[in-house]
Trainee: 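Pasting a structure here, questions to come.
This chain uses plain numbering: 1 for the first residue, then up along the sequence.
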Amino acid sequence: MRGRPKKPTELKVLAGTPGRRPLPENEAQFTAGEIAPPAWLDDREKPWRISFLAEWERITAQLRTWAVIGEVNQGALEGICSCYASFVDAAKSRNNVEMRQAFEAYRKALTEFGLTPASKGRVSTGLKPAGGKLAKYTG
């Protein structure tokens, strides 16, 4: 796929449609809700499991506030947390090649949910900062 990824309809609705283009009518709908860490995680060795769970809690907490998390995201979130745990494991063993590879996979996966500084602008929550547009920049 070339070009920028398509913006989800939910985000278009929250951000508004300044171009007045019609929204898609037959787009797939996903149910938002709570998801639990995967059951297969109990079979893993302890250090890797701790890193995985820490990242799981950190990411799901943010996605819950945006109301964009659901059961359909389970596999993608497992992938993100696995990449992070592999990165931490490689960093502890000082394996620079594996560490770079794991971090690159982790960074790419984070962009799917708008969880990097560069990709967060593509996710609109509908929440407005108190004090106007420049309040968060002017203190």
Trainee: Which residues pass the ring pair (Phe, Tyr, Trp, His ring centres under 6.0 Å) test with Y84, sequence neighbours left out?
Mentor: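 Checked Y84 against ring pair (Phe, Tyr, Trp, His ring centres under 6.0 Å); matches are Y106.
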Trainee: Rounded to the nearest 0.5 Å, how far apart are CG of N96 and CZ of R100?
Mentor: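 One finds 5.5 Å between CG of N96 and CZ of R100.
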Trainee: Applying side-chain contact (heavy atoms from CB on, under 4.5 Å), name anything that partners Q101, two or more places apart in sequence or on another chain.
Mentor: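 Q101 satisfies side-chain contact (heavy atoms from CB on, under 4.5 Å) with V97 once adjacent residues are dropped.
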Trainee: Any non-hydrogen side-chain atom of N73 less than 4.5 Å from a side-chain atom of L63?
Mentor: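 No, side chains not in contact.
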Trainee: Roughly how far apart are L77 CG and I35 CD1, rounded to 0.5 Å?
Mentor: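 Separation between the atoms: 4.5 Å.
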Trainee: Can you list everything that forms a salt bridge (charged side-chain N to carboxylate O under 4.0 Å, His left out) with E55? Sequence neighbours excluded, please.
Mentor: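 So E55 forms a salt bridge (charged side-chain N to carboxylate O under 4.0 Å, His left out) with R58.
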Trainee: Please give me the minimum heavy-atom distance between A85 and F52, naming the atom from each residue.
Mentor: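 For A85 and F52, the tightest heavy-atom pair comes out as CB-N, 3.9 Å.
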Trainee: Report yes if the side chains of N95 and D89 come closer than 4.5 Å at any heavy-atom pair, otherwise no.
Mentor: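 No; the side chains remain at least 4.5 Å from each other.
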Trainee: Using side-chain contact (heavy atoms from CB on, under 4.5 Å) as the criterion, list what pairs up with A102, not counting sequence neighbours.
Mentor: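 side-chain contact (heavy atoms from CB on, under 4.5 Å) check on A102 returns S86, F87.
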Trainee: Is there side-chain contact between C83 and F103, with at least one heavy-atom pair below 4.5 Å?
Mentor: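 Sidechains of F103 and C83: no contact.
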Trainee: Looking at residues at least two apart in the chain, or sitting in another chain, which of them share a side-chain hydrogen bond (donor to acceptor under 3.5 Å, both in side chains) with Q74?
Mentor: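 Checked Q74 against side-chain hydrogen bond (donor to acceptor under 3.5 Å, both in side chains); matches are E78.
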Trainee: Is the shortest heavy-atom distance from the side chain of P37 to the side chain of L53 under 4.5 Å?
Mentor: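 Yes. Closest side-chain heavy atoms under 4.5 Å.
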Trainee: Going by the rule salt bridge (charged side-chain N to carboxylate O under 4.0 Å, His left out), which residues pair with E104 if we only count those two or more places apart in sequence or in a different chain?
Mentor: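 Once residues adjacent in sequence are excluded, the partners of E104 under the salt bridge (charged side-chain N to carboxylate O under 4.0 Å, His left out) criterion are R107.
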Trainee: Looking at OG1 of T111 and NZ of K108, how far apart are the two atoms once the value is rounded to the nearest 0.5 Å?
Mentor: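 Answer for the OG1-NZ pair, T111 versus K108, is 9.0 Å.
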